[in-house]
Amino acid sequence: MVQNINPSRLKYRVSLGKAGFVETPQGTNRPDFKEIKSLWCGIYTMSMIQQITLLGSPNTFDLVLIIRHQSDGLKGVKYARFKDQLYQLVGSSPDFDDSPRSFDLITLKKIDKIGIS
């Protein structure tokens with residue numbers, strides 16, 4: 001999907017996870033982020049053509065990240081924590097070429113709290 005990416009751009013950490021429960025001091029459970037894996041990532045900036053194409057799209061997002069290709073996919077991943085902010089995973093574009101220079105794009109939307117569905 002993403003070609004000619006310099007691996008040195010992967011200088012941030014992103015935690016990918018799902019909704020889990022944490023026990024409060026009162027003894028009740030509340031939904032919270034439960035990490036599945038942590039990966040190196042980079043911020044992906046779209047070209048002007050890509051930005052214009054998305055203007056007509058009803059989907060909104062706040063951030064697109066580049067990660068190394070995950071051959072096992074992103075099974076079970078619904079949320080991400082990046083720079084102490086919680087995001088919902090709204091899309092992913094995996095690279096089907098499983099080589100060392102393969103990268104995936106993940107699209108994230110900022111959220112305030114996790115809901116269990």
Side-chain angles (χ1 to χ4, degrees):
M1 182 69 195
V2 182
Q3 298 174 358
N4 300 324
I5 297 295
N6 186 344
S8 68
R9 288 186 60 190
L10 306 179
K11 57 185 175 182
Y12 303 104
R13 293 294 280 183
V14 62
S15 297
L16 302 175
K18 61 182 181 178
F21 288 101
V22 172
E23 188 172 338
T24 65
Q26 294 80 19
T28 61
N29 290 330
R30 67 172 173 82
D32 198 9
F33 178 78
K34 183 177 179 184
E35 182 178 306
I36 295 174
K37 59 175 118 178
S38 179
L39 303 170
W40 288 101
C41 70
I43 298 172
Y44 182 74
T45 53
M46 291 187 287
S47 69
M48 189 59 95
I49 296 295
Q50 290 169 323
Q51 291 176 24
I52 291 170
T53 303
L54 286 174
L55 284 176
S57 173
N59 298 333
T60 60
F61 61 90
D62 295 304
L63 185 65
V64 178
L65 297 178
I66 306 165
I67 58 173
R68 287 271 187 195
H69 176 63
Q70 302 296 302
S71 57
D72 61 346
L74 296 175
K75 294 177 183 157
V77 173
K78 296 198 185 278
Y79 299 99
R81 181 170 282 138
F82 180 68
K83 291 187 174 182
D84 295 326
Q85 175 63 48
L86 194 58
Y87 293 90
Q88 183 175 8
L89 183 74
V90 293
S92 66
S93 299
D95 191 344
F96 292 103
D97 181 23
D98 196 10
S99 73
R101 297 209 29 103
S102 298
F103 295 92
D104 298 341
L105 294 177
I106 56 173
T107 308
L108 305 173
K109 180 177 179 139
K110 194 180 291 188
I111 59 173
D112 294 327
K113 61 183 179 178
I114 290 182
I116 302 294
S117 57

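Because the structure is a prediction, the values reported are computed rather than measured.
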Problem set entry | Side-chain donor or acceptor of D32 paired with backbone N/O of V22 under 3.5 Å | no
Exercise. Given F103 and H69, is the side-chain contact (heavy atoms from CB on, under 4.5 Å) satisfied, shown in steps?
Worked result: CA-CA 4 Å; F103 295 92; H69 176 63; 6.0 Å; no
Exercise. Which distance, rounded to the nearest 0.5 Å, do you find between the NZ of K18 and the NZ of K34?
Worked result: 5.0 Å
Exercise. Shortest non-hydrogen contact from D104 to Q70?
Worked result: OD2-N, 3.0 Å
Exercise. Taking all atoms of both residues into account, what is the closest heavy-atom pair of I111 and Q85, and its distance?
Worked result: O-NE2, 3.2 Å
Problem set entry | Joint hydrophobic cluster, F33 plus L108, side-chain heavy atoms closer than 4.5 Å | no
Exercise. Under a 4.5 Å side-chain heavy-atom rule over Ile, Leu, Val, Met, Phe, Trp and Tyr, are L39 and L65 clustered together?
Worked result: yes
Exercise. Between F82 and Y12, how do the two ring planes meet: parallel, tilted or perpendicular, split at 30° and 60°?
Worked result: perpendicular
For this session: Look at the side-chain heavy atoms of Ile, Leu, Val, Met, Phe, Trp and Tyr, link any pair under 4.5 Å apart, and say whether Y87 and Y79 land in one connected group.
Result: no
For this session: With rounding to the nearest 0.5 Å, note down the distance linking CG in D62 to CD in Q88.
Result: 11.0 Å
For this session: Report yes or no: do V90 and L105 belong to one cluster of Ile/Leu/Val/Met/Phe/Trp/Tyr joined by side chain heavy-atom distances under 4.5 Å?
Result: yes
Exercise. Got a second to check how far L89's CG is from L16's CG, nearest 0.5 Å?
Worked result: 7.5 Å
Exercise. Does a sphere of radius 6.0 Å around CG in D84 hold more than 12 heavy atoms from other residues, nucleotides or ligands, not counting ones at 6.0 Å or beyond?
Worked result: no
Exercise. Taking atom CG of L63 and atom CD1 of I106, what is their separation to the nearest 0.5 Å?
Worked result: 8.0 Å
For this session: Would you mind reporting whether R13 and W40 have side-chain heavy atoms less than 4.5 Å apart?
Result: yes
Seminar exercise, completed: Between A80 and V14 the two heavy atoms that sit nearest each other are CB-CG2, 4.0 Å
For this session: With rounding to the nearest 0.5 Å, note down the distance linking CZ in R81 to CD1 in I114.
Result: 7.0 Å
